[in-house]
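Worksheet: one structure, shown below.
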Amino acid sequence: FADIPNGLAAISKVPGAGWLQIVAYGLYCEGTGGFGYNSDNQMSDPGNCGWKPPLLATSDPEKRKKRLNAELANGRLAMMAIIGMFVQDGL
């Protein structure tokens, strides 16, 4: 791995077949249920993946809403952090 650069420069080292695999897998995931539908083609509730994660599962709607909002906030913070790392690496 010594010849592979760090950061955004590593993107140029991925071969074309690798990008094709990444795009094909993403299209497969979206085409087989990535649009928010259940197996019976009924639209699911936001945040309902059909299973209950151990730390987020609750029957109280207020608690569930608070936990889902916290998860959204953490996801947004993570996106901003990675964008900041990209900017720092690009400068």
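Computed over heavy atoms, backbone and side chain alike; hydrogens, waters and symmetry mates excluded.
Atoms CG and CZ, on Asn74 and Arg76 in that order, are 11.0 Å from each other to the nearest 0.5 Å. Atom CZ of Arg64 sits about 10.5 Å away from atom CG of Asn69, to the nearest 0.5 Å.
Transitive grouping of hydrophobic side chains (ILVMFWY, heavy atoms separated by less than 4.5 Å) keeps Leu77 and Phe86 in distinct clusters.
Here the shortest heavy-atom pairing between Ala10 and Pro5 reads CB-O, 3.3 Å.
Listed by chain and residue number, Leu8, Trp19 satisfy the side chain to side chain contact (heavy atoms under 4.5 Å, CB included) test with Ile11 (two or more places apart in sequence, or in another chain).
Hydrophobic cluster membership of Val23, counting Ile, Leu, Val, Met, Phe, Trp and Tyr whose side-chain heavy atoms lie under 4.5 Å apart directly or via other members: Leu27. Applying the under-4.5 Å side-chain rule to Ile, Leu, Val, Met, Phe, Trp and Tyr, the cluster around Met79 consists of that residue alone.
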